[in-house]
Engineer: 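Sharing a structure with you now.
Positions are given from 1, in the same order as the sequence printed here.
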Amino acid sequence: MGIKEPIRPPLRGHIKTDVLIVGAGVAGLSAALCLIGSGKKVVLVDKNICGGSSTGKSAGFLTPDSELELSQLLRKYGINGARDLWGVAAKGVEIMVDNIQKHRIECDLQVQDCLFLGKGASGWKDVQEEVESRKKLGYSSTIYEESEVPSVIGSHVYSGAIRYSGTYGVNPLLYAQGIKQVLLDNGTEIFESSEVLSWEGHTVHTHLGSVTADKIIFCIDKPKPEITKYNQSVYHAQTFLSISEPLGDEDIAKLFPQGPMQCWDSDLIYTYFRLTGTKRLLVGGGDMITTYAKNDTTTPRVIDHVIHELKEKIPSIRPLRFTQYWQGRIDMTRDLVPTVLIDPERPWTHFVLGCVGLPWGTFCGNFVAQNVLDDQALDYEKYYRYFSPNRKFVIPLWMESIFGKRLVFTINNAWAKYRQRDASAKS
């Protein structure tokens with residue numbers, strides 16, 4: 001994995017520290033990195049390896065678009081709120097790219113514009129709304145009508161597209177491992193294969209040891225009820241990724257006439273793809289049945305269908321062979337905005353939950369670490385309000401016991417994404 005110690009031993013025995021971070025995905029790594037040079041003793045534990053869960057299995061899109069388009073944020077939060085939340089993810093992108101460049105992390109960083117592709121009349125409407133939203137907030141973009149789309153993507157089936165820059169692609173597992181090496185070089189103690197099983201006061205317990213800390217930061221996916229009652233606020237969606245054999249230069253030119261971009265379409269369960277530095281096509285997606293299903297699907301049938309549909313849209317990639325696939329579960333909340341909180345009963349403890357997208361996780365981890373350091377540079381009240389676990393939804397949490405978690409989540413998710421308007425938002 002490109003570092004000197006790819007596997008760290010598990011925690012054994014009892015240790016004490018100033019700050020304990022539980023979870024070494026992109027949020028936990030960001031929190032730990034923020035604490036370098038603070039004079040705090042920092043311990044980082046993970047049940048897997050650094051980046052071994054949702055982070056390392058992601059597609060590596062570094063863009064403020066993480067499930068929610070800018071037009072959706074604008075409708076829900078108004079201009080000021082949309083600017084705040086778009087700025088959260090944009091700041092996450094900036095932090096990650098700065099980390100890569102500052103520490104010279106070899107993780108296949110690719111400068112790639114975003115291309116949001118509309119499908120049908122509704123997709124063209126989505127593209128137009130996105131362009132207008134960017135104009136309102138002062139962000140530049142380029143719009144392509146249906147006849148112009150083939151100039152940027154090798155397809156004639158899309159009804160329009162919007163393109164904007166300042167976005168990147170990255171190998172997320174190599175990024176996580178690179179940050180891990182930076183942390184080790186700066187004195188952070190890291191223990192892998194060390195799942196936290198219980199928590200009492202200032203002490204957490206793993207299967208072989210325990211840690212007592214003045215401050216605790218939980219940056220975890222799939223939280224268990226014995227760790228936090230806010231596990232009820234976290235949901236999961238299954239997604240699939242596949243990667244192809246290398247493309248030739250002529251094939252790349254047909255697929256991306258103006259150079260490689262990271263792309264996704266306007267479907268509810270959208271298909272997304274980008275080119276890696278090794279000239280392989282990374283494709284992701286799912287279907288309506290398995291995305292929100294209770295049990296995982298492990299066969300390749302879903303991703304095979306996604307690839308088949310993409311080949312129908314883009315003729316030049318039809319001969320392309322896809323050689324590997326993997327599936328995973330994405331953490332999310334009912335409105336796709338992270339949940340970040342200080343535990344009201346144990347105020348020395350922070351939680352970062354349900355971050356959809358690497359930039360969101362990066363910002364949130366950095367944010368809580370700055371709070372631990374009592375840094376006054378950020379507007380804590382504002383962000384804790386946006387990320388509050390008590391924000392309102394059309395169907396309250398208690399109704400899950402009647403209708404079931406999946407149904408309540410699906411309705412709340414659709415309402416938040418397509419219908420919700422914040423009463424306090426000013427247009």
Side-chain angles (χ1 to χ4, degrees), residues 64-86 88-89 116 118-130 132-133 136-137 221 223 229-239 264-270 272 285-294 329-341 353-357 360 364 382-427:
D65 276 300
S66 295
E67 304 294 332
L68 290 170
E69 310 297 340
L70 183 59
S71 57
Q72 293 167 340
L73 292 174
L74 185 61
R75 169 184 46 75
K76 182 178 176 183
Y77 294 102
I79 288 179
N80 292 333
R83 182 177 285 111
D84 285 341
L85 288 173
W86 189 265
V88 163
F116 174 52
K119 292 178 63 180
S122 63
W124 172 238
K125 181 181 178 183
D126 291 340
V127 167
Q128 292 176 302
E129 288 179 350
E130 198 66 13
E132 290 304 313
S133 297
K136 286 181 180 179
L137 274 75
D221 58 9
K229 65 181 180 181
Y230 296 105
N231 73 301
Q232 298 178 12
S233 300
V234 181
Y235 302 79
H236 305 97
Q238 187 177 21
T239 188
W264 66 98
D265 61 38
S266 57
D267 284 346
L268 176 61
I269 308 297
Y270 57 87
Y272 49 99
D287 63 27
M288 198 65 181
I289 296 175
T290 59
T291 295
Y292 302 115
K294 180 179 180 180
R329 282 202 174 274
I330 300 174
D331 307 16
M332 57 179 57
T333 63
R334 286 165 283 176
D335 59 358
L336 306 177
V337 174
T339 292
V340 180
L341 67 131
L353 304 168
C355 296
V356 180
W360 285 89
C364 291
K382 175 175 69 177
Y383 290 111
Y384 282 124
R385 185 173 67 251
Y386 285 133
F387 302 147
S388 169
N390 300 317
R391 54 191 186 265
K392 295 187 181 301
F393 295 90
V394 65
I395 300 181
L397 195 63
W398 62 265
M399 294 192 73
E400 288 186 356
S401 60
I402 301 172
F403 297 108
K405 187 167 185 175
R406 292 288 162 189
L407 179 60
V408 171
F409 165 71
T410 302
I411 295 172
N412 276 328
N413 179 263
W415 175 73
K417 191 168 183 177
Y418 298 110
R419 303 295 299 175
Q420 183 179 0
R421 293 180 184 274
D422 191 332
S424 64
K426 302 297 183 182
S427 63

Engineer: In terms of ring plane angle, is the pair Y386 and Y77 parallel, tilted or perpendicular, where the classes change at 30° and 60°?
Structural biologist: perpendicular
Engineer: How far does CG of L73 sit from CG of L336, to the nearest 0.5 angstrom?
Structural biologist: 10.0 Å
Engineer: Please name the pair of heavy atoms, one in L74 and one in S133, separated by the smallest distance, quoted to 0.1 Å.
Structural biologist: CD2-OG, 3.7 Å
Engineer: With rounding to the nearest 0.5 Å, note down the distance linking CD1 in I395 to CG in L407.
Structural biologist: 6.5 Å
Engineer: Just checking L268: does its CG atom have more than 12 heavy atoms from other residues, nucleotides or ligands closer to it than 6.0 angstrom?
Structural biologist: yes
Engineer: Can you find a heavy atom in the side chain of D331 that is under 4.5 Å from one in the side chain of V356?
Structural biologist: no
Engineer: Compute whether any side-chain donor of one residue and acceptor of the other, for T410 and N413, lie under 3.5 angstrom apart.
Structural biologist: no
Engineer: What distance do M332 atom CE and C355 atom SG have between them, rounded to the nearest 0.5 Å?
Structural biologist: 12.0 Å
Engineer: Working note: E129 + E132, criterion side chain to side chain contact (heavy atoms under 4.5 Å, CB included); need CA distance, chi angles, decisive distance, verdict.
Structural biologist: CA-CA 5 Å; E129 288 179 350; E132 290 304 313; 5.8 Å; no
Engineer: Carefully, step by step, assess W360 and V88 under the rule side chain to side chain contact (heavy atoms under 4.5 Å, CB included).
Structural biologist: CA-CA 7 Å; W360 285 89; V88 163; 3.6 Å; yes
Engineer: Given side chains that start at C-beta, do those of Y230 and P223 come closer than 4.5 Å, heavy atoms only?
Structural biologist: no
Engineer: Distance-only, no hydrogens or angles: does the Q232 side chain make a donor-acceptor pair with backbone N or O of L397 under 3.5 Å?
Structural biologist: no
Engineer: Between S71 and E130, is any side-chain donor less than 3.5 angstrom from a side-chain acceptor?
Structural biologist: yes
Engineer: Keeping the roles fixed (side chain from T333, backbone from P338), state whether a donor-acceptor pair exists under 3.5 Å.
Structural biologist: no
Engineer: Just checking K125: does its NZ atom have more than 12 heavy atoms from other residues, nucleotides or ligands closer to it than 6.0 angstrom?
Structural biologist: no
Engineer: Would you say that W86 contacts L70 through its side chain, given a criterion of any heavy-atom pair below 4.5 Å between the two side chains?
Structural biologist: yes
Engineer: When you look at F387 and T339, which way does the side chain to side chain contact (heavy atoms under 4.5 Å, CB included) test go after all the steps?
Structural biologist: CA-CA 5 Å; F387 302 147; T339 292; 5.8 Å; no
Engineer: Where do R334 and Y235 come nearest, in terms of heavy atoms and distance?
Structural biologist: CG-CE1, 3.4 Å
Engineer: Do V337 and R391 touch side chain to side chain, with heavy atoms closer than 4.5 Å?
Structural biologist: yes
Engineer: Are any non-hydrogen side-chain atoms of S233 and L353 less than 4.5 angstrom apart?
Structural biologist: no
Engineer: Search all heavy atoms of Q238 against all heavy atoms of R329 and return the closest pair with its distance.
Structural biologist: N-NH1, 3.8 Å
Engineer: Nearest 0.5 Å, please: how far is NZ in K229 from CG in N231?
Structural biologist: 11.0 Å
Engineer: Inspect the contact between K76 and D335 and indicate whether a charged nitrogen and a carboxylate oxygen are less than 4.0 angstrom apart.
Structural biologist: yes
Engineer: Which value, rounded to the nearest 0.5 Å, describes the distance between T291 atom OG1 and H236 atom NE2?
Structural biologist: 14.5 Å
Engineer: Run through L341, V234, V340 and flag the one making a side-chain contact (heavy atoms from CB on, under 4.5 Å) with P389.
Structural biologist: L341
Engineer: Report the distance from atom CG of D265 to atom CG of D126, rounding to the nearest 0.5 Å.
Structural biologist: 10.5 Å
Engineer: Which atom pair, heavy atoms only, marks the closest approach of W415 to V394?
Structural biologist: CZ3-N, 3.2 Å
